[in-house]
Number of protein chains: 2
Amino acid sequence: MDQPSPPRPAVMIDVARLAGVSHQTVSRVLNGHPSVRDETRERVLTAVRQLNYRPNALARGLAGRRSRVLGVVSFDTILYGPAATLLGVERAARAAGYGVSIVTLEQLDHDGVSDALSALAEQSVAGVVIIAPFTNTAAALRSLPMGIPAVVVEAGASGGLPAISVDQIAGAELAVRHLLEQGHETVWHVRGPQNWLEARDRESAWRSTLEAAGRSVPPVIDGDWSAASGYQAGLRLAGDPRVTAVFCANDQQALGLLRAFHERGVRVPDNVSVVGFDDIPEAEFMSPPLTTIRQDFDEVGRRCLAMLLDLLDSPVETPVYPRVTPVLVSRASTGIRQSANANS
Amino acid sequence: MDQPSPPRPAVMIDVARLAGVSHQTVSRVLNGHPSVRDETRERVLTAVRQLNYRPNALARGLAGRRSRVLGVVSFDTILYGPAATLLGVERAARAAGYGVSIVTLEQLDHDGVSDALSALAEQSVAGVVIIAPFTNTAAALRSLPMGIPAVVVEAGASGGLPAISVDQIAGAELAVRHLLEQGHETVWHVRGPQNWLEARDRESAWRSTLEAAGRSVPPVIDGDWSAASGYQAGLRLAGDPRVTAVFCANDQQALGLLRAFHERGVRVPDNVSVVGFDDIPEAEFMSPPLTTIRQDFDEVGRRCLAMLLDLLDSPVETPVYPRVTPVLVSRASTGIRQSANANS
DNA sequence: AGAACGATTGTTAACGTTCACAGCGCGGCT
DNA sequence: AGCCGCGCTGTGAACGTTAACAATCGTTCT
């Protein structure tokens, strides 16, 4: 009788019939194959619109080799860094006509990464972006017998896998130099969790920058990215008169540190200057507003995708992309150190 | 010659051959069909392990009807709420054996939602979770001629679509009551962006709770979730002696507000009490630690998924799930109001 | 003029799985 | 004895697309 809007969505053969061509011609038009007459192409496209036809990605993936879907393996998508990177990748992927499937890791060991990758392989994703900047991710990846093209975010020397990274070394240098230039004798450091590569890079750059400037290197304080750990570090540092400048491995830790200082009557930046890392949206509104290192995660996402697409085209050579350079955002939590230089 | 590890992954027919059965029997074993002899099942499973066989999700989706992949339409995955919900949904989905494809909305209008849903439909997802709590999402959804089962997070009366939501009304009531109980004459409100349903709910609950208690309702202050907008609001409220208690629509706004108060010498909670909403991880370490309303996003994610799976089983009746109840987390930003009540 | 060529289109066979149905062997019932 | 039914297994045909090859037509080269 009537089917004003067919309950079953149109498929390629329907379009072909309506346009009076074969299904293969429709396929050619959709994939931009050159040898199709303009008049035919028009006819097909009209039919496509008329039926509101959308090609079935599953069938596409099955028949062809590529699946227009990328996988993303992430860790804690509530953390600012991973979340921002994920968003960047997703945007870039969508712009390039790819869908994005995500898997968040529960455990960080070899099996965790392996399971995640298997799950994605099952969906036959065309490629994978791994946002899991752990020291042991590299090892896990190396031993993976997978044929899927993959790029890694922030994984340092990750077993030969192509990687995109923000230049953590440069960032930490910016932070330490900024503090030294303001007249501080040295800079203390609240580092991030040791199984994160970024944390290690920041710590070692902090150390080497101090050494290069001929300053003493104070003992490092442990942290785990959380504001709570920064708070603990703050309580520990608050009593120490030698502490005039602190570089926190991320902004949340800096927040906790500021809180502890505030409680203990340590004034920032009058008594102690503080620098964070990331430039989370809240940094500008902390008490006082936090000087920090900004990373362009959107750019990271874009480059990741560009790299992955390069890799899909020519799987032989691994493209090399430059590191993304972070910048210093100077706010009220750091100030010129008045005379009274350190102890004496 | 030799193929110690075949370059091409094994498929079902390979398993069948190795186990000495037909491909269909393999399929039955994999899908838990009851009528397979135990001995046969064992033989098949052994072959599966031996070949490291993983079923191809694309082929599965094409042949059967279901595709073991769920779609998630989200908005700003850097915001705490959406990010946490996304994580919750992903975890629950993975536990149920589903993959998750995400699409983040760029624009909030009808076309945006429509495009996102089309993109997911193309991948023939089994169902969709929509984390896009906008006032006009509802309208966009209603006019969507889609056959995909969908559940919506926080969408209030969203055109008959099944929805999971945190009880915003109850949350806002908790906040306002808490402040009134501490002796405040009334409570001011910095609301969220007007196109978010949650913002509207919180505002109207704030209003009605005040009215129910017979208190005057001060003019509402605009905000947009950002700390920056909270800061602006804070500057505006700081000079006003009538302001003794403020309920911010989210924690970021509260952060900005606290910053503005701090700058203007308004002490919290001595002069003004502040309550936020969400209980972001940073809330505990603000200056002072923020009293706020905690939402259990993990629970939201779990229920979302349970609901969607129910819906997949029986598409006829829309299951009804209770709202998730938020709780008050009392911290130092609110305190008992000392005598000196309001102005005069 | 004959043949070979390029442009355009159609035909058939994959891709790897599930679904629908047909078979087989065995026990219990009439 | 024959028949039905049940537990188990196999066979063929989908699903919707792309890849590989064949076919047709008008043109150009020798």
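Protein chains get the first letters and strands the later ones, always in sequence-line order, with residue 1 at the start of each.
Figure legend: cation-pi geometry between Arg68(B) and Tyr98(B), with NZ or CZ positioned under 6.0 Å from the six-membered ring centre and within 45° of its axis.
Listed in residue order, the members of residues 41-59 of chain A having a heavy atom less than 4.0 Å from DNA chain C come to none.
In this structure the side chain of Thr104(A) reaches within 4.5 angstrom of the side chain of Leu87(B), judged on heavy atoms. Side-chain contact check for Leu117(B) versus Ile148(B): every heavy-atom pair is 4.5 Å or farther apart. Under the 4.5 Å side-chain criterion, counting only non-hydrogen atoms from C-beta, Arg303(B) is in contact with Pro322(B). Within the 4.5 Å cutoff, the side chain of Met307(B) has heavy atoms near those of the Ile164(B) side chain. Side-chain contact between Tyr321(A) and Asp310(A) is present, with at least one heavy-atom pair separated by less than 4.5 Å.
Atom-to-atom, NE2 of His33(A) to C1' of dA7(C) comes out at 10 Å; the value is rounded to the nearest Å. Counting to the nearest Å, the P atom of dG7(D) and the CG atom of Asp38(B) are 14 Å from each other. Between the P atom of dT17(D) and the CD1 atom of Ile13(A) lies a distance of 9 Å, rounded to the nearest Å. For Gln123(B) and dT17(D), the CD to P distance is 15 Å, given to the nearest whole Å.
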With 3.5 Å as the limit, what N/O pairs link the protein to nucleotides 19-26 of chain D?
unit_1  : atom_1 : unit_2   : atom_2 : d
dA19(D) : N6     : Gln24(A) : OE1    : 3.4

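Side-chain contact of Ser101(B) with Ser101(A): a donor-acceptor pair under 3.5 Å is present, judged by distance alone.
For dG16(D), the OP1/OP2 oxygens have no side-chain nitrogen or oxygen of Arg60(A) closer than 4.0 Å. Within the structure, a side-chain polar atom (N or O) of Thr25(A) is placed less than 4.0 Å from OP1 or OP2 of dG10(C). Side-chain nitrogen and oxygen atoms of Ser27(B) include at least one within less than 4.0 Å of the OP1 or OP2 phosphate oxygen of dT18(C). Contact check, Ser35(B) against dT9(D): no side-chain N or O comes under 4.0 Å of OP1 or OP2.
Distance alone, capped at 3.5 Å, is enough to place a donor-acceptor pair between the Ser67(A) side chain and the Ser124(A) backbone. Under a 3.5 Å cut-off, the side chain of Thr25(A) and the backbone N or O of Val21(A) do not form any donor-acceptor pair.
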